[in-house]
Amino acid sequence: MPKPIVCASTALSEFVELFRPCFSRRQWKYFVIVLLGLVECEGRRTLCGLLAVVGEKVSLCGLSRFFNRRQWSVTVVAQTWLAHFRKQMKPQVEAEHQRQQAEREKRRGRPKATMVTGYLIVDDSIHLKVKGRKMKGLGRHYAHTEGQTVTGHCLVSGLYVLLGRRCPLQPRLYRQQAVCEQEGVPFLSKIDLAVQEIEQFEPVEGSHTHVLIDSWFHCKKVRRVAQQRGWDVSGGLKSNRVMRQINEDGSRTWLKLADYAAGLKAADWQEAVWPAQEGERPVYVHTVQTWIRKLGPTLLLITCHDPDNPAKSIRYWGSTLLAADAQTLIKSLAVRWSIEVLFEDNKDLLGADHYQLMSAEAIVRFWTLIACLGYFLDEQRSLRPDCATWGDVRRTLQQEHQHNLLTWLQAQFKAGLSVEEIRSRLALCSS
């Protein structure tokens with residue numbers, strides 16, 4: 001049964017109030033309908049699907065205009081939840097500094113500064129749209145999940161991870177150069193979008209930022225803009241990257257990472273553990289401080305699962321944390337998987353790829369509201385001990401909404417309303 005806005009849980013009602021300044025009165029109502037619909041809808045999260053589970057008398061045309069024509073800013077909406085996150089996390093960062101100071105070993109000289117690290121992760125995700133021929137921004141992109149090039153939209157986005165909390169950042173639409181020329185918009189590469197994210201991002205006060213990226217984004221341009229802000233950078237490296245090797249006689253040789261790894265012996269590997277959701281996994285690692293061409297000084301980390309036959313599972317990583325040990329670097333690199341989980345949750349739980357919107361602006365707005373709800377779900381996950389995942393939070397919210405609906409129906413009947421009057425108020429006539 002559809003649920004009116006008044007049946008929204010207390011937590012969701014308080015959260016949406018933060019965004020009243022971002023919208024006009026009518027726009028704000030549509031904003032609440034979308035978020036409530038995303039929580040309740042179990043089918044396709046199209047505009048029709050969202051309206052079907054929210055018992056409000058609004059038209060499909062009105063909701064479509066909210067995404068396509070109404071004047072509201074995705075940047076303002078994203079900055080609102082980011083400001084809320086920074087406000088929430090600042091006391092926790094201060095408390096973590098105090099905890100580290102209390103546990104710090106006492107010795108002569110200036111004590112070592114405490115550090116609370118937040119991870120800024122940037123990556124892209126493909127939204128498959130085989131039949132969306134008239135949609136703006138469509139391109140041909142390689143999808144790792146499909147193992148081939150597909151037609152769809154490419155989302156470039158970031159995730160901020162700090163002290164166990166995840167905060168999605170503003171989504172951006174990547175369009176290939178030919179698509180930009182066809183649609184008459186300036187071209188920005190994926191690297192340009194990543195640089196924009198790093199330049200504009202404001203971390204929680206008192207924290208240090210560590211940028212995590214995959215091999216596609218690991219380039220000089222991204223490194224430079226992060227290091228200009230005093231941040232660290234770690235991420236994957238392709239096997240054809242060129243590194244500098246200093247030989248025993250002091251001479252220098254430039255060779256590809258794959259060629260260097262081929263010369264490693266079983267004794268050159270050491271055992272470590274890789275953190276994962278299902279538990280720690282054993283892994284063998286080799287580290288060396290080197291210079292990577294077009295990147296600069298780098299701590300190179302090579303991993304595999306079998307040191308006697310590493311070629312089957314070998315991977316390469318690089319970091320500006322030159323003095324870090326292998327296990328410390330691994331713990332940081334493992335955090336990058338959080339954005340893969342985010343993309344999957346957005347698609348599987350919230351239907352981030354269900355949209356049937358035509359304009360590029362409307363698509364980015366839909367993604368932004370998905371990210372907004374994602375922030376809310378993660379906030380609730382941290383506040384509810386019985387909820388370990390977004391799915392747990394969503395099911396709990398649905399139960400609260402069902403209880404509120406029954407309470408609301410009871411109040412309507414007590415007030416003397418007839419079944420037909422309540423049916424009309426719940427917008428069931430068109431169902």
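- Using modelled atom types, one side-chain atom of Gln27 and one backbone atom of Ser24 make a donor-acceptor pair closer than 3.5 Å.
- Every residue two or more places apart in sequence or in another chain that forms a side-chain hydrogen bond (donor to acceptor under 3.5 Å, both in side chains) with Ser189 is listed here: Asp192.
- Using a cutoff of 4.0 Å between basic side-chain nitrogens and carboxylate oxygens, Glu400 and Arg384 are scored as salt-bridged.
- In this structure, the side chain of Gln289 engages the main chain of Leu322 through a donor-acceptor pair within 3.5 Å.
- Taken to the nearest 0.5 Å, the OH atom of Tyr284 stands 15.0 Å off from the CG atom of Leu264.
- With Trp28 contributing its side chain and Val16 its backbone, the two residues share a donor-acceptor pair below 3.5 Å.
- The 12-atom threshold is not exceeded at CZ of Arg315, counting heavy atoms of other residues, nucleotides or ligands nearer than 6.0 Å.
- Arg365 places a side-chain heavy atom less than 4.5 Å from the side chain of Trp72.
- The shortest heavy-atom contact between Asn240 and Lys256 is O-CG, 3.9 Å.
- A side-chain donor-acceptor contact under 3.5 Å links His286 to the backbone of Asp268.
- Here the closest non-hydrogen pair linking Cys7 and Leu405 is SG-CA, 3.4 Å.
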Can you give the donor-acceptor pairs under 3.5 Å from side chains of residues 114-124 to other protein atoms, not counting sequence neighbours?
unit_1	atom_1	unit_2	atom_2	d
Thr114	OG1	His97	ND1	2.7
Tyr119	OH	Ser332	OG	3.3
Asp123	OD2	Arg336	NH1	3.0
Asp124	OD2	Lys190	NZ	3.1

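- In this structure, the side chain of Asn247 does not engage the main chain of Gly250 through any donor-acceptor pair within 3.5 Å.
- The shortest side-chain heavy-atom distance between Lys347 and Ser125 falls under the 4.5 Å cut-off.
- A heavy-atom distance below 4.5 Å is found between the side chains of Leu188 and Gln196.
- Thr298 has its side chain out of reach of Ser319: every pair of non-hydrogen atoms, C-beta onward, lies at least 4.5 Å apart.
- Here the two rings, on Phe201 and Tyr160, have centers that are under 6.0 Å apart.
- Glu94 and Gln98 share no side-chain donor-acceptor pair at under 3.5 Å.
- The shortest non-hydrogen separation linking Ile330 to Pro275 is CG2-CD, 3.7 Å.
- By the 4.0 Å N-to-carboxylate-O rule, Glu197 lies close enough to Arg172 to be salt-bridged with it.
- Within the 4.5 Å cutoff, the side chain of Phe376 has no heavy atoms near those of the Trp390 side chain.
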Take Gln170 and Val74, measure what side chain to side chain contact (heavy atoms under 4.5 Å, CB included) needs, and give me the verdict at the end.
-> CA-CA 8 Å; Gln170 179 181 336; Val74 294; 3.7 Å; yes

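- Annotation: the span from Leu162 atom CG to Gln88 atom CD amounts to 11.5 Å, rounded to 0.5 Å.
- Heavy-atom minimum distance, Ala261 versus Ile302: CB-CD1, 4.3 Å.
- Evaluation of the ring pair (Phe, Tyr, Trp, His ring centres under 6.0 Å) test over residues 309-336, restricted to residues two or more places apart or in two chains, returns Trp274-Trp317.
- Taking 4.5 Å as the limit, every side-chain heavy atom of Leu47 sits out of range of all side-chain heavy atoms of Tyr355.
- Between Ala276 and Arg281 the shortest heavy-atom distance is CB-NE, 3.9 Å.
- A salt bridge links Lys90 with Glu205: the distance from a Lys NZ or Arg NE/NH1/NH2 to an Asp or Glu carboxylate oxygen falls below 4.0 Å.
- Taking every heavy atom of both residues into account, Cys167 and Leu82 meet most closely at SG-CD2, 3.5 Å.
- Between Ile363 atom CD1 and Leu357 atom CG the span is 6.0 Å, to the nearest 0.5 Å.
- Side chains of Arg223 and Thr320: a donor-acceptor N/O pair is absent below 3.5 angstrom, by distance only.
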Steps toward side chain to side chain contact (heavy atoms under 4.5 Å, CB included) verdict (Asn68, Glu361) | CA-CA 7 Å; Asn68 287 286; Glu361 181 182 37; over 6 Å; no

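- With rounding to the nearest 0.5 Å, the separation of CG in Leu377 from CG in Leu397 is 6.5 Å.
- Using a 4.5 Å heavy-atom threshold, the side chains of Lys129 and His153 count as touching.
- Side-chain contact check for Met358 versus Lys136: every heavy-atom pair is 4.5 Å or farther apart.
- Here the side chain of Gln176 pairs a donor or acceptor atom with the backbone of Arg140 at under 3.5 angstrom.
- Residue Glu183 places its CD atom among more than 12 non-hydrogen atoms of other residues, nucleotides or ligands, all under 6.0 Å distant.
- Although no hydrogens or angles enter the test, the distance criterion places no donor-acceptor pair under 3.5 Å between the side chain of Asp378 and the main chain of Gly374.
- For the residue pair Gln398 / Glu42, a side-chain donor-acceptor distance below 3.5 Å is found, with atom types taken as modelled.
- At least one donor-acceptor pair under 3.5 Å links the side chain of Arg86 to the backbone N or O of Glu202.
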Output, in order, the C-alpha distance, side-chain angles, deciding distance and verdict of side-chain hydrogen bond (donor to acceptor under 3.5 Å, both in side chains) for Glu96 and Gln100.
-> CA-CA 6 Å; Glu96 177 62 17; Gln100 292 181 18; 3.1 Å; yes

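- Although no hydrogens or angles enter the test, the distance criterion places a donor-acceptor pair under 3.5 Å between the side chain of Trp81 and the main chain of Pro168.
- Using a 4.0 Å cut-off between charged side-chain N and carboxylate O, Asp392 and Arg381 make no salt bridge.
- His401 and Glu40 form a side-chain donor-acceptor contact under 3.5 Å, judged by distance and modelled atom types alone.
- Counting only N and O atoms by type, the side chains of His141 and Thr149 include no donor and acceptor under 3.5 Å apart.
- For the atom pair CG of Leu51 and OG of Ser64, the computed distance is 10.5 Å after rounding to the nearest 0.5 Å.
- Taking a cutoff of 4.0 Å between a charged side-chain nitrogen and a carboxylate oxygen, Glu199 and Arg229 do not qualify as a salt bridge.
- In this structure, CD1 on Ile339 lies 11.5 Å from CD1 on Ile213, to the nearest 0.5 angstrom.
- Checked by atom type and distance alone, the side chain of Arg45 pairs as donor or acceptor with a backbone atom of Leu349 at under 3.5 Å.
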Walk me through it: do Leu155 and Phe343 pass the test side chain to side chain contact (heavy atoms under 4.5 Å, CB included)?
-> CA-CA 10 Å; Leu155 174 150; Phe343 288 149; 3.8 Å; yes

Start with the C-alpha gap between Leu163 and Val204, add the side-chain angles, then the distance that decides, and say whether side chain to side chain contact (heavy atoms under 4.5 Å, CB included) holds.
-> CA-CA 11 Å; Leu163 296 178; Val204 176; over 6 Å; no

Test salt bridge (charged side-chain N to carboxylate O under 4.0 Å, His left out) applied to Arg166 and Asp345, step by step = CA-CA 13 Å; Arg166 300 187 304 175; Asp345 285 346; 3.8 Å; yes

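- Aromatic ring orientation, Tyr375 versus Phe85: perpendicular (interplanar angle above 60°, classes split at 30° and 60°).
- For Asp232 and His208, the side-chain atoms include at least one donor-acceptor pair closer than 3.5 Å.
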